[in-house]
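Reading through the structure tokens given below for one structure.
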Amino acid sequence: MSSTELTDLGIAAIRDGVRDGSFSAREVAQGFIDRVASAKALNAFLVETPDHALKAADAADAARVSGDLKSMSGVPIGMKDLFCTEGVTTTAASHILGNFVPTYESTVSANLWAAGAGMLGKLNLDQFAMGSSNETSAFGNVISPWRRKDGSNAPLAPGGSSGGSASAIAARLCPAATGTDTGGSIRQPAAFVGISGIKPTYGRCSRWGTVAFASSLDQAGPMARDVRDCAIMLGAMAGFDAKDSTSLELPVPDWDAGLSSNLKGKRIGIPKEYRVDGMPAEIDALWEQGIAFLKDAGAVVVEVSLPHTKYALPAYYIIAPAEASSNLARYDGVRYGLRDLPEGAGLQDMYAATRAAGFGPEVKRRIMIGTYVLSAGFYDAYYTQAQKVRTLISQDFDKAWESCDILLAPTAPSAAFALGEKQADPLAMYLNDVFTVPASLAGLPAMSVPGGLDGQGLPLGLQIIGKALDEQGVLNAGLAIEERAGFTARAAQWW
Amino acid sequence: MSVDTATVKKIASLARIAMSDADAEAMVPELNNILGWIEQLGEVDTSQVQPMTAVIPNTLRLRDDVVTDGNVRDKVLANAPRAEHGFFAVPKVIE
Amino acid sequence: MSEYRIQGATGEWEVVIGLEVHAQITSKAKLFSGAATDFGAEPNSQVSLVDAAMPGMLPVLNGECVRQAVRTGMAIEAQINAWSRFDRKNYFYADLPQGYQISQLYHPIVGEGRLMISLDEKDADAETKEIGIERIHIEQDAGKLMHDQHPTQSYVDLNRSGVALMEIVSKPDMRSPAEAGAYVKKLRSILRYVGSCDGNMEEGSMRADVNVSVRKPGDAFGTRTETKNVNSVRYVMQTIEIEANRQVDVLEAGGTIVQETRLFDPDKNETRSMRSKEDAHDYRYFPDPDLLPLVLDDQFLADCRASLPELPDAKRRRYEGDLGLTAYAAAVLTAEAETARWFEALMEACGDQAMAKAASNWLISDLFGALNRLGMDIEDSPVSPAQGAELLKLVADGTLSGSLAKQVFEIMLETGDDPAKIVEEKGLKQTSDTGAIESVIAGILDANAEKVAQYKDGKEALFGFFVGQTMKAMQGKANPQVVNELLKKALA
Ligand SMILES: [Mg+2]
Ligand SMILES: [Zn+2]
């Protein structure tokens, strides 16, 4: 097999090929390493770690001989640079971390290495995962491999915050990558670049060793080219971790083995409040198409109501910044990361200078909002009210589950936009998360799968939201759509 | 509620982010835009609602009282901007 | 209780005091990490990546710290909250790596309780007073800053960062330095009984924030100041006295009291404002999203209750009632858990409740006297309870007289030997051998015929002289009672 053919393979195909001896893991790793090296124009990787990928590949090739291959043996992946990796610079795409080199390995990455995967490098992202376009990275924008049909060649946003992961997978720089999702950061970029990604139930993946954005919302998950790959990789990432108090003490199901696109007996809920004003007709049409796919797979479709949907975004933009303002207080220039010490500065001046120099504008904006909503006299009106609304949003879902098993909705209100298009108006950017945020607030598993292309030839995603712990139901509905959508489009290589 | 430049400066100081008057001024409309928008939450009647305390209903596990960590001073100090004699060093604080 | 008043130019002032005591919870590992808590370790050696707030590090709660806080709450008859939660208190300081302290503001683990204090614990008739306790919550300690190691730098040691504390908040129920002192002593005693804190104020395992305000008797509460981290009973009392007088001076000069944080300087004997820390007074408390609600089930609570020891007040009543000790003795023996533990081990070794009085007398006068002289605590006593009991038994069965027992005890302190062995080797046994005593008496009466005649003439005071001579001749080993009887007979 040629190296281009090898880099067209996904997780399952690589795993099977290595097992069958069709090719070696080293060949696969080398193929991807070369592609990463030749794709600087996408700015997807912040650090390249070919040695890590090769070492894992060699271990996989040895394991094949000894017959103890694991679920991801020989699969080189990209690692969102929010996961701390021992001995490898970790930046969260912020200058504030300086040259931080963790002396420890995040639980999720450690789980992946234990499952035989190797690391091609650390992927760019929105700074501290705060953003929906990957334009807040301190290390430059990630460019989507996709381009509009209109010939404008305007560089497009890969979505965010897992923009480096999305771009790298879509451009075949890696077969899969880790993402994190706080308000849609796996699903929205997956939709923008025509790949799949799942945010599992809150607590499935340990948060230990992952740079925190908003603790009650952050969840790691896989991004890959298809549903099966997501199932395999999520199985490797997830699991109980005693080091994370919010980790769920539950066994990890074999989601790969449990995959089935037969939805007979399943009830699919269509939340009527997701039909928002001004939604492009193409998104609406995609949604209708998705409904038809699921009916075809045997499901019954019912309309449901999630009455507090409208309040999800404002609640999210109180809770997430509040948590972030506190989580990011540790970046103070004392123990690690950047220290900006103006002449004659005292301790508190050092803090203020360091944080002013180290954090980007969007991070500062969110710290400011978070600090404000928690400050004396405002706490109840903002934060407590938001957590109450969150309860109502969660109860909306509970009520919906009385009449359906799975929810179907668009992933994002539009296809990928051009870089710079929404940057001037933070609020317009925030509205991009309107469909993804409710499931985040309720901690529910949700995934995006490619549904089709818009008039400009850009991918559009369909979102499936499931009950807590029902990742299998989500993956199965995703598979049913995937089989029927037959999404094979890919970005033409221009980089 | 809306903020003015003085409030923005006060929040920036609470958050320990050095901010020039010009930057603070520029941030006023931005923050007011966002705050005006999130204030629609006030419309929701939550008088009978408990704030969420656990996303997935769950309670704390208790760890055993065993020493399992520490003794890793090199790791603790490895990334320090300034470390001396086993301590982190910061500009002198007058208490 | 006695009325404590400050005499101002405008009349009498009453002092109102509330205390927030920070007590280090006895545990091997920290509240939210597995690092050790030992005192005096090398800088930053007892620090985990969690304590240093490395990116992505998360807290996991130590169950023992929860158990000890609950047991402490039970010991002060407080309401235990089966549902509690941790909050973040946000502020920036170099000894606070996370930029927030994990504490409990909105839903503390322990609610209202009470503590009985007595101004003079050793006096059964001294007035007692109930001091209300508002709450106990669990929180993390901060690290330590050192300012004197470098001309331009402060050094940060995170060994204490994350160590578990209980903050025990009293109601503003105290009205004098003496009451506050009694409160801290009583609280420390209970913590040590329960075993939830070693109460060692020198090592910083107990320190108090002292809230003081003054008012004209009968008026509403005045504005209070909080003097932080006062680390001895004496300093707590001094702080109150100094701060209350300062407030009276300010008020009488027409000024107002600012609600602020102050610092006690024992060298200058003054309190002063800590304005440097005041500017960031907005702590932005909110529930820690890294932690879930803490829910205690009935079994956990029952186990905590079952593990509580007999507490000082109950013990004291029992010593007075069942053992027949004086109020004074019962108070002395129960004031400190270690003393009570020692006394009970002594009683156990005696194996006879009737010896309680003798045992208590010996412990309080002889043993305490010796320990005082040696500058030792009872835990380090060179004489064990078993040895003490053996000595007491030798007195009870007449083998040793009181004065011989004192001699034997001195040798025990020096050598650590058992009393029986000392008696044997040094031949210190008391004799009741009437024959031997009679012959000594006969010799003494012979040699002092003149005095015998005077005695018989009615100078009865000379009897003591004959006893003394006899005892001296027998090197103190004669049974004094037998000597008395035989002398009376011989002189009749
Ligand atoms: Mg205090
Ligand atoms: Zn405290």
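Predicted model, so just to flag it, every value in this text is computed and none were measured.
Minimum heavy-atom separation, I17(B) to A356(A): CG2-CA, 4.1 Å. Nearest approach of S245(A) to R61(B), heavy atoms of both residues: CA-NH2, 3.6 Å. Across all non-hydrogen atoms, the minimal contact from A353(A) to A18(B) is N-CB, 4.2 Å. Closest approach of A15(B) and T371(A) over heavy atoms only: CB-OG1, 3.6 Å. Shortest non-hydrogen contact noted between P81(B) and G333(A) is CG-O, 3.5 Å. The heavy-atom pair separating V49(B) from K388(A) by the smallest distance is O-CE, 3.2 Å.
Between the T391(A) side chain and the M52(B) main chain, a donor and an acceptor come within less than 3.5 Å of each other. R16(B) places no side-chain N or O within 3.5 Å of a backbone atom of Q348(A) that could act as its donor or acceptor partner. With hydrogens and angles ignored, the 3.5 Å screen pairs a side-chain donor or acceptor of N79(B) with a backbone N or O of V101(A). Listed for the Q385(A) side chain is a donor-acceptor partner under 3.5 Å among the backbone atoms of V44(B).
Contact annotation for L60(B): only side-chain heavy atoms (C-beta onward) come within less than 4.5 Å of a heavy atom of chain A. Of the two parts of V72(B), neither the backbone nor the side chain holds a non-hydrogen atom closer than 4.5 Å to a non-hydrogen atom of chain A. Both the backbone and the side chain of M368(A) come within less than 4.5 Å of a heavy atom of chain B. Residue L347(A) touches chain B through both its backbone and its side chain, counting heavy-atom pairs closer than 4.5 Å. Of the atoms belonging to A329(A), not a single heavy atom falls under 4.5 Å from chain B. Proximity to chain B (any heavy atom under 4.5 Å) is restricted, for L431(A), to the side chain, taken from C-beta onward. The part of A89(B) that comes within reach of chain A is its backbone (N, CA, C, O), which places non-hydrogen atoms under 4.5 angstrom from that chain. The contact between N99(A) and chain B is made entirely by backbone atoms, counting heavy-atom distances below 4.5 Å. Interface remark: A12(B) contributes backbone and side-chain atoms alike to the contact with chain A (heavy atom separation under 4.5 Å). In this structure, chain B has a heavy atom under 4.5 Å from the side chain of T201(A), while its backbone stays farther away. Heavy atoms closer than 4.5 Å to chain A are found in the side chain of L31(B), but not in its backbone. Both the backbone and the side chain of L313(A) come within contact range of chain B, with heavy atoms under 4.5 Å apart.
At a threshold of 4.5 Å between non-hydrogen side-chain atoms, the residues E43(B) and K310(A) count as touching. Side-chain contact between T7(B) and Y372(A) is present, with heavy atoms from C-beta onward closer than 4.5 Å. Using a 4.5 Å heavy-atom threshold, the side chains of S375(A) and I11(B) count as separate. A heavy-atom distance below 4.5 Å is not found between the side chains of N58(B) and E249(A). Side-chain contact between V55(B) and R390(A): present, with at least one pair of heavy atoms (C-beta onward) separated by less than 4.5 Å. Residues L35(B) and Y382(A) have side chains in contact (heavy-atom distance under 4.5 Å, counting atoms from C-beta outward). Taking the side chain as every heavy atom from C-beta outward, I318(A) and E39(B) never approach each other to under 4.5 Å.
In this structure, K10(B) places its NZ atom where only 12 or fewer heavy-atom neighbours from other residues, nucleotides or ligands lie under 6.0 Å away. Heavy atoms of other residues, nucleotides or ligands lying less than 6.0 angstrom from CG of N71(B) number 12 at most. Within a 6.0 Å radius of CG in D64(B), no more than 12 heavy atoms belonging to other residues, nucleotides or ligands are found.
Rounding to the nearest 0.5 angstrom, the gap separating the CG atom in L392(A) from the CD atom in Q50(B) is 11.0 Å. Interatomic distance, NZ of K75(B) versus OH of Y104(A), reported as 10.5 Å (0.5 Å rounding). For the atom pair CZ (R365(A)) and CD (E30(B)), the distance works out to 4.0 Å, reported to the nearest 0.5 Å. In this structure, CD1 in I367(A) is found 12.5 Å from CG in L14(B), a value given to the nearest 0.5 Å. Here CG of N33(B) is found 10.0 Å from OH of Y430(A). Values are rounded to the nearest 0.5 Å. Expressed to the nearest 0.5 Å, how far OG of S216(A) lies from CD1 of I56(B) amounts to 11.0 Å.
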Next item on the list: Give the intermediate values and the outcome of side-chain contact (heavy atoms from CB on, under 4.5 Å) for residues V373(A) and I38(B).
Entry: CA-CA 10 Å; V373(A) 299; I38(B) 61 181; 4.3 Å; yes

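Considering only heavy-atom pairs separated by less than 4.5 Å from chain B, the leading option among A468(A), A315(A), A357(A), G203(A) is A315(A).
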